[in-house]
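Here is the structure we will look at, set down as structure tokens.
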Protein chains: 2
Amino acid sequence: MRAAVRIFHEQGVEKTTLGDIARAAEVPLGNVYYYFKTKDQLVEAAVAAHCAQLDTLTAQLDTLPDPAERLRTLVAGWVDQRETAARFGCPFGTLASELDKRDDGLDRAAAQVMRALLDWVESQFAQLGRADAAALAVELVAAYQGMSVLTNTLRDPGLMAAQGERLRSWIDGVAGR
Amino acid sequence: MRAAVRIFHEQGVEKTTLGDIARAAEVPLGNVYYYFKTKDQLVEAAVAAHCAQLDTLTAQLDTLPDPAERLRTLVAGWVDQRETAARFGCPFGTLASELDKRDDGLDRAAAQVMRALLDWVESQFAQLGRADAAALAVELVAAYQGMSVLTNTLRDPGLMAAQGERLRSWIDGVAGR
DNA sequence: GTCTATAGATTGATAGAC
DNA sequence: GTCTATCAATCTATAGAC
């Protein structure tokens, strides 16, 4: 499962063969099919893994007392991953984009995870007393997804560092200090 | 060629077979290989087509007298395409993201087109007298790419309309009025 | 549960008639 | 230049020994 998530991110779902995943996980190809009956089920499990990771992350952030600090820490985490983003893009955003090109229902599962992130961010802005929390959440998450695309396409992690700084200031402004 | 660009956008490069393109173009499969020796050459031609379209677009925008109006018109064009973006994402951004998962050199060609867009936008901000034109260009293009990802993942063209309105106001502010 | 071997289907690419 | 037929390689999925 861990190997699948990593290889899907690095190579993309469509370009990845089950042989690639079996090799990365150091198991024979046949074993993959013992736990996942089809490639689609592996993709579904990968989406679920991203969902679980988001839950873990927001649970950690929720231990911080200040909503603005939670958002700044979220952004800092994105910036920390800038080298990976420069090489392979946002681990979840690139997966969601790829699933949207398919006609099965897996793109809806990806939408739920993205929705969960938006809802959590919106909740932070709402706690800061912002009536436009929903729009601010879209703005923040879109900024991250967009700078991931640019960072990846131009292979420049510095782009994400710079935009991260900007987002930090922006959060301070929105939080009203 | 037109069929290839459209099908690559709708299905993604990896999911698209040359048979799909031949069918969309209403020509036999063999004919595709008469004009393009490999699938990679078709992808390369698709990137070149996006590059040419960008040149056409910026040339049109350059006929407008005011740099701020050029940027507003650029954003308006993106918003006009929101139904397509909701279904298939940004025609160029999704292509660039997909090419970044490959190890051939086509991702560098995509980077050049993205760079060309950034340079043109930067030039507009520079003409508005902004010393931070490069950072503003990244911010604007990233905002578009990000809202394309969200619009596509959530299948909600309204997101792009709302963010387009925000960008319009933002451009007005940056232009200093 | 693990692993090898292979079936069955798809696809990129080519040969060759017209 | 156009079109049909097909090869060769790859990949998903399964069968079956251990």
Side-chain angles (χ1 to χ4, degrees), chain A residues 1-50 88-89 91 94-110, chain B residues 1-50 88-89 91 94-110:
Chain A
M1 192 63 252
R2 264 195 304 274
V5 170
R6 192 182 85 245
I7 302 292
F8 280 154
H9 179 215
E10 294 180 359
Q11 306 188 350
V13 173
E14 301 299 336
K15 250 207 117 186
T16 296
T17 69
L18 296 178
D20 291 336
I21 294 173
R23 184 159 11 90
E26 293 179 279
V27 297
L29 175 60
N31 278 25
V32 176
Y33 280 98
Y34 182 77
Y35 293 97
F36 303 95
K37 283 179 183 163
T38 64
K39 184 177 178 180
D40 269 23
Q41 283 193 11
L42 250 175
V43 177
E44 196 174 352
V47 174
H50 281 285
F88 305 113
T94 56
L95 178 61
S97 292
E98 207 173 354
L99 295 184
D100 277 317
K101 305 276 184 196
R102 303 163 50 131
D103 40 10
D104 52 34
L106 286 177
D107 54 343
R108 300 301 76 204
Chain B
M1 191 65 253
R2 265 195 304 275
V5 170
R6 192 181 86 245
I7 303 290
F8 279 153
H9 180 214
E10 294 180 1
Q11 305 188 350
V13 172
E14 301 299 337
K15 251 208 115 185
T16 296
T17 70
L18 296 178
D20 291 337
I21 294 174
R23 183 157 12 90
E26 293 180 279
V27 298
L29 175 59
N31 278 26
V32 176
Y33 281 98
Y34 182 77
Y35 292 98
F36 303 94
K37 283 179 183 162
T38 65
K39 185 177 178 181
D40 269 22
Q41 283 192 11
L42 250 175
V43 177
E44 196 175 351
V47 173
H50 280 286
F88 304 113
T94 56
L95 178 60
S97 292
E98 207 173 352
L99 295 184
D100 276 318
K101 305 275 184 197
R102 303 163 51 131
D103 41 10
D104 52 34
L106 285 176
D107 53 344
R108 300 300 77 205

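A, B, ... follow the sequence lines: proteins, then strands. Residue 1 opens every chain.
Judged as a salt bridge (charged side-chain N to carboxylate O under 4.0 Å, His left out), and not counting sequence neighbours, the contacts of B/E10 are B/R6. When the side chain to side chain donor-acceptor pair (under 3.5 Å) test is applied to B/T94, the partners found at least two apart in sequence or on another chain are A/K101. A search for side-chain contact (heavy atoms from CB on, under 4.5 Å) contacts involving A/A4 returns A/M1, A/F8, A/I21, A/L42, not counting sequence neighbours. Residues that satisfy the side-chain contact (heavy atoms from CB on, under 4.5 Å) test with B/A48, not counting sequence neighbours, are absent from this structure. In this view, A/A3 and A/A24, A/A25 satisfy the side-chain contact (heavy atoms from CB on, under 4.5 Å) rule, not counting sequence neighbours.
Residues A/A22 and A/V32 come closest through the heavy atom pair CB-CG2, 3.8 Å. Closest approach of B/V5 to B/A49, counting heavy atoms only: CG2-CB, 3.9 Å. Between A/A110 and A/V47, the closest heavy-atom pair is N-CG1, 4.1 Å.
Here the C1' atom of nucleotide D/dT14 and the NZ atom of A/K37 are 13 Å apart, to the nearest Å.
Note on the helix from C/dG1-D/dC18 to C/dC18-D/dG1: terminal axis deviation equals 10°, with five pairs used at each end and the result rounded to 10°.
The list of side-chain hydrogen bond (donor to acceptor under 3.5 Å, both in side chains) pairs with a residue in residues 13-25 of chain A, not counting sequence neighbours, reads A/Q11-A/T16, A/E14-A/R102, A/T17-A/D20, A/D20-A/R23. Annotation: ring-ring contact (aromatic ring centres under 6.0 Å, His included) contacts involving residues 9-31 of chain B, sequence neighbours excluded, comprise B/H9-B/F88.
Within residues 1-24 of chain B, the residues approached by DNA chain C to less than 4.0 Å at the level of any non-hydrogen atom are B/T16, B/T17, B/L18, in residue-number order.
If you run side-chain contact (heavy atoms from CB on, under 4.5 Å) between B/D100 and each of B/D107, B/L95, B/L106, only B/D107 comes through.
Note on B/Y33: every side-chain N or O is 4.0 Å or more away from OP1 and OP2 of D/dT2.
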Anything under 3.5 Å between a protein N or O and an N or O of nucleotides 16-18 of chain D, put it in a table, one pair a line.
none

Quick test: give all pairs of protein nitrogen or oxygen and nucleotides 3-5 of chain C nitrogen or oxygen below 3.5 Å, distance rounded to 0.1 Å.
unit_1, atom_1, unit_2, atom_2, d
C/dC3, OP2, A/N31, ND2, 3.2

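Closest contact between the side chain of A/K39 and the listed nucleotides C/dA13, D/dG1, D/dT12 involves D/dT12.
The structure places OG1 of A/T38 at 9.0 Å from CG of A/L18, a figure rounded to the nearest 0.5 Å.
Backbone-only contact: B/Y35 has heavy atoms under 4.0 Å from sugar-phosphate atoms and none from a base.
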